[in-house]
Amino acid sequence: MGGSWVLEIVAFICETQKFCKPLIVAADIIKCSQGIIIFLVTFCNRDMIRAIRERTHERRLSGVESATCSLTQDFQLKQDMK
């Protein structure tokens with residue numbers, strides 16, 4: 001985060017001096033994507049990706065699409081049991 005603040009200050013100085021337009025654009029892109037970058041760095045580590053992959057792989061093998069049933073499915077199950 002501190003790096004983006006420093007980059008913003010440098011971009012502001014470049015903008016006031018009308019100098020180095022690509023640096024201003026790069027600073028804007030980094031600022032706009034900062035939330036996505038923080039999410040990827042924080043939550044998308046190898047353990048999390050492995051856990052998600054295992055969880056989806058288990059569902060595919062068992063044939064279960066979701067962990068809950070709808071009301072109509074519950075009703076149909078009760079009718080079948082009678």
Subject >> Where T42 and N45 come nearest, the two heavy atoms and their spacing >> reply: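 For T42 and N45, the tightest heavy-atom pair comes out as O-ND2, 4.2 Å.
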With rounding to the nearest 0.5 angstrom, report the [atom1] to [atom2] distance, [X] to [Y].
X: D47; Y: I52; atom1: CG; atom2: CD1; value: 11.0 Å
X: E15; Y: L23; atom1: CD; atom2: CG; value: 10.5 Å
X: S33; Y: I38; atom1: OG; atom2: CD1; value: 9.5 Å

Original post:
Are F43 and I36 grouped together when hydrophobic residues (ILVMFWY) are joined by side-chain heavy atoms under 4.5 angstrom apart?
Top reply: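 Linked, F43 and I36 end up in one cluster.
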Subject >> Student check: side-chain heavy atoms of I13 and I9 closer than 4.5 Å >> reply: yes
Subject >> Neighbour count above 12 (heavy atom, 6.0 Å) for K31 NZ >> reply: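 Check passes, neighbour count above 12.
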